[in-house]
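Accompanying notes for the structure given below.
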Amino acid sequence: MPQPILLAWELGGGRGHVLRLASISAALRRVGFEPAFAVQRLDALQAIQSEVGSQAFFQAPVWPGLFGNALQGAQVPRTTLGDSLADLGLRQPAVLEYLVRGWEQLFARIKPAAVVADFAPACLLAARGRVPSVAVGTGYTAPPATARAFAILAGGDSVRKYEEESLLAAVNVALHRLGRQALDRLPAIFAADAAIVATFAELDPYARERDGTYAAPFVPSWDRATPSGGSEIFVYFAETIAAFPAVIASIEHVVRTERTVRLHVPNLDAGIERWLAAAGVSVERMPVPFGQIAARSRLIVSHGSCGIASASLAAGIAQAIIPTDLEKRLIGDAVQRTGAGRSFRTSRDNPLEGALLGQAIVEALHDEALAASARALAPGFAKRLETDPADVVARQVAELV
């Protein structure tokens with residue numbers, strides 16, 4: 001009978017997490033394992049319905065800060081991953097205690113031979129010393145567990161929102177109640193028996209703290225022999241676009257002054273969809289194969305998810321990134337440093353920024369130097385996609401069990 005492997009996802013939004021787990025699931029089945037899913041949002045599995053099939057799937061224990069979109073609505077800026085975890089509930093010992101207990105109950109039910117954790121620190125804590133574990137992430141979501149503290153990522157004169165000593169104390173109270181060994185540093189909550197950092201090094205905010213070993217990023221498959229580049233603007237955002245009226249207004253501005261704008265936003269609000277369609281945007285309700293995006297597009301506008309940013313780099317398509325959180329801002333800044341894109345900041349509550357943002361997108365569209373730079377960099381990025389990161393994960397699981 002095939003050994004069960006639990007694929008876990010706790011934190012972060014968007015389709016990227018389940019798409020990664022779907023690829024890993026297929027790779028695990030190819031080498032004789034039986035995957036099961038435990039994910040933050042069961043509705044997200046519709047994005048990989050064909051891959052889940054008859055596989056077992058479960059609701060992952062949910063961090064309370066995810067309810068009501070707490071991370072998006074915070075008033076005090078977060079500068080570290082520790083700050084974000086604190087606002088999700090980490091500063092309260094009972095939260096972590098019962099998250100770990102929830103995972104322990106899932107382990108008892110599924111009896112996994114190993115767990116693959118995608119941005120799932122409570123799962124990793126539950127597995128420690130009991131179930132072999134592989135942490136997989138994009139850089140930001142798989143921080144170096146050996147660091148003494150989470151790095152301040154916001155730049156400038158930024159300071160931590162929370163002192164890590166107090167957060168570590170709360171974690172250790174929870175671990176004591178669970179009969180587990182205390183941690184000596186906060187990043188150790190991400191410790192695993194193996195870690196697979198699946199990203200381009202240029203997009204990793206912790207690159208200075210790594211040993212330089214990376215797997216390829218998880219990106220959609222497409223025929224890279226087919227020339228890329230068309231005349232369209234392709235827009236892809238997570239459903240959180242509804243909270244950024246300036247972004248919506250900028251898309252309307254662009255489509256009224258430029259060529260075809262094609263957009264896909266999962267679970268797009270019906271009112272926003274009607275508004276954009278009336279303005280002339282070609283709204284795609286279903287995901288668009290990346291091969292089509294690459295062939296049609298001169299510019300890709302996105303919130304800066306690692307998947308679309310990495311695929312765009314490898315395809316040689318210039319990017320305009322409008323980040324919606326700290327992780328995406330780091331990716332946007334990194335893409336801008338490569339010379340293959342531009343990153344623009346916006347606020348949540350000032351729709352008057354829309355015209356300025358739209359003009360910035362139009363300027364990026366017509367920037368010949370930007371387009372040429374993206375094309376020139378593409379072969380180097382594309383070469384790093386030759387090894388499937390899902391196979392790397394599956395081999396690591398096989399070694400552990």
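Counting non-hydrogen atoms of neighbouring residues, nucleotides and ligands closer than 6.0 angstrom, the NE2 atom of His176 reaches no more than 12 such neighbours. Annotation: Gln59, atom CD; neighbour count of heavy atoms from other residues, nucleotides and ligands within 6.0 Å is above 12.
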Would you tabulate the side-chain donor-acceptor contacts of residues 328-342 under 3.5 Å, counting partners in other chains and residues two or more places apart, or write 'none'?
| from | atom 1 | to | atom 2 | distance (Å) |
| --- | --- | --- | --- | --- |
| Lys328 | NZ | Asp325 | OD2 | 3.2 |
| Asp333 | OD1 | Arg345 | NH2 | 3.4 |
| Asp333 | OD2 | Arg345 | NH2 | 3.1 |
| Gln336 | OE1 | Ser343 | N | 2.8 |
| Thr338 | OG1 | Val335 | O | 2.6 |
| Thr338 | OG1 | Ala340 | N | 3.1 |
| Arg342 | NH2 | Asp367 | OD2 | 3.2 |

Donor-acceptor pairs under 3.5 Å, side chain of residues 268-276 to any protein atom, not counting sequence neighbours: which ones?
| from | atom 1 | to | atom 2 | distance (Å) |
| --- | --- | --- | --- | --- |
| Asp269 | OD2 | Gly271 | N | 3.0 |
| Asp269 | OD2 | Ile272 | N | 3.1 |
| Glu273 | OE2 | Arg285 | NE | 2.8 |
| Glu273 | OE2 | Arg285 | NH2 | 2.9 |
| Trp275 | NE1 | Glu252 | OE2 | 3.2 |

Side-chain donor/acceptor pairs under 3.5 Å, residues 135-142, sequence neighbours excluded:
| from | atom 1 | to | atom 2 | distance (Å) |
| --- | --- | --- | --- | --- |
| Thr138 | OG1 | Thr141 | OG1 | 3.4 |
| Thr141 | OG1 | Thr138 | N | 2.9 |

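By the side chain to side chain contact (heavy atoms under 4.5 Å, CB included) test, Arg224 pairs with Trp222, Ala382, Leu385, sequence neighbours left out. For Gln319, there are no side-chain hydrogen bond (donor to acceptor under 3.5 Å, both in side chains) partners, not counting sequence neighbours. Listed by chain and number, the residues in a side chain to side chain contact (heavy atoms under 4.5 Å, CB included) with Asp391 are Ala27, Arg30, Asp388, Arg395 (sequence neighbours excluded).
Considering every non-hydrogen atom in both Ala246 and Thr346, the closest pair reads CB-OG1, 3.4 Å. Counting all heavy atoms, side chain and backbone alike, Ser158 lies closest to Thr79 at CB-CG2, 3.6 Å. Across all non-hydrogen atoms, the minimal contact from Val288 to Ile293 is O-CD1, 3.6 Å. Of all the heavy atoms in Ala201 and Ala207, the pair that sits closest is O-CB, 4.0 Å. In terms of heavy atoms, Leu81 sits closest to Pro143 at CD2-CG, 3.6 Å. Scanning all heavy atoms of the two residues, the minimum distance from Ala122 to Leu99 falls at CB-CB, 3.8 Å.
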Output, in order, the C-alpha distance, side-chain angles, deciding distance and verdict of salt bridge (charged side-chain N to carboxylate O under 4.0 Å, His left out) for Glu163 and Arg160. CA-CA 7 Å; Glu163 291 299 325; Arg160 301 175 192 277; 5.6 Å; no
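Residue pairs meeting the ring pair (Phe, Tyr, Trp, His ring centres under 6.0 Å) criterion with at least one partner in residues 302-337, sequence neighbours excluded, are Tyr236-His303, Phe237-His303. Sequence neighbours left out, not one pair with a member in residues 87-135 passes ring pair (Phe, Tyr, Trp, His ring centres under 6.0 Å). Legend: salt bridge (Lys or Arg N to Asp or Glu O under 4.0 Å) pairs involving residues 169-190, not counting sequence neighbours, sorted by first then second residue: Glu97-Arg177, Glu104-Arg180, Arg148-Asp184. For the ring pair (Phe, Tyr, Trp, His ring centres under 6.0 Å) condition, the pairs that include at least one residue of residues 179-201, sequence neighbours left out, are Phe200-Phe381. Among residue pairs with one or both ends in residues 193-207, those qualifying as salt bridge (Lys or Arg N to Asp or Glu O under 4.0 Å) are Glu202-Arg384, Asp204-Arg210; sequence neighbours excluded. Every pair passing salt bridge (Lys or Arg N to Asp or Glu O under 4.0 Å) that includes a residue from residues 109-119 is listed here, sequence neighbours excluded: Arg20-Asp118.
Contact check for Ile251 versus Val281: side-chain heavy atoms found under the 4.5 Å cut-off. You'll find the side chain of Tyr162 stays beyond 4.5 Å of the side chain of Arg78, heavy atoms only. Within the 4.5 Å cutoff, the side chain of Phe33 has heavy atoms near those of the Val401 side chain. Put simply, the side chain of His264 reaches to within 4.5 Å of the side chain of Phe234, judged on heavy atoms. Contact annotation: the side chain of Leu96 never approaches that of Leu178 to less than 4.5 Å [non-hydrogen atoms, C-beta and beyond].
One distance of note links CD1 of Ile189 with CG of Leu124; it measures 9.0 Å at 0.5 Å rounding. Here the straight-line distance linking atom OH of Tyr214 with atom CD1 of Ile196 works out to 13.0 Å at 0.5 Å rounding. Atom NE2 of His17 and atom CG of Leu21 lie 9.0 Å apart (nearest 0.5 Å). In this structure, the separation between CG on Leu7 and OG on Ser25 is 6.0 Å, given to the nearest 0.5 Å. Considering CG of Asn267 and CZ of Arg15, their distance stands at 10.0 Å, rounded to 0.5 Å. How far CZ of Arg262 is from CD1 of Ile233: 12.0 Å, rounded to the nearest 0.5 Å.
Ser297 places no side-chain N or O within donor-acceptor distance of the main-chain N or O of Leu299, the cut-off being under 3.5 Å. In this structure, the side chain of Glu10 engages the main chain of Cys123 through a donor-acceptor pair within 3.5 Å. Not a single donor-acceptor pair under 3.5 Å links the side chain of Thr80 to the backbone N or O of Phe150. Remark: the backbone N or O of Ala86 is paired with a side-chain donor or acceptor of Arg91 at under 3.5 angstrom. Without hydrogens or angle criteria, Ser312 side chain to Ile317 main chain gives no donor-acceptor distance under 3.5 Å.
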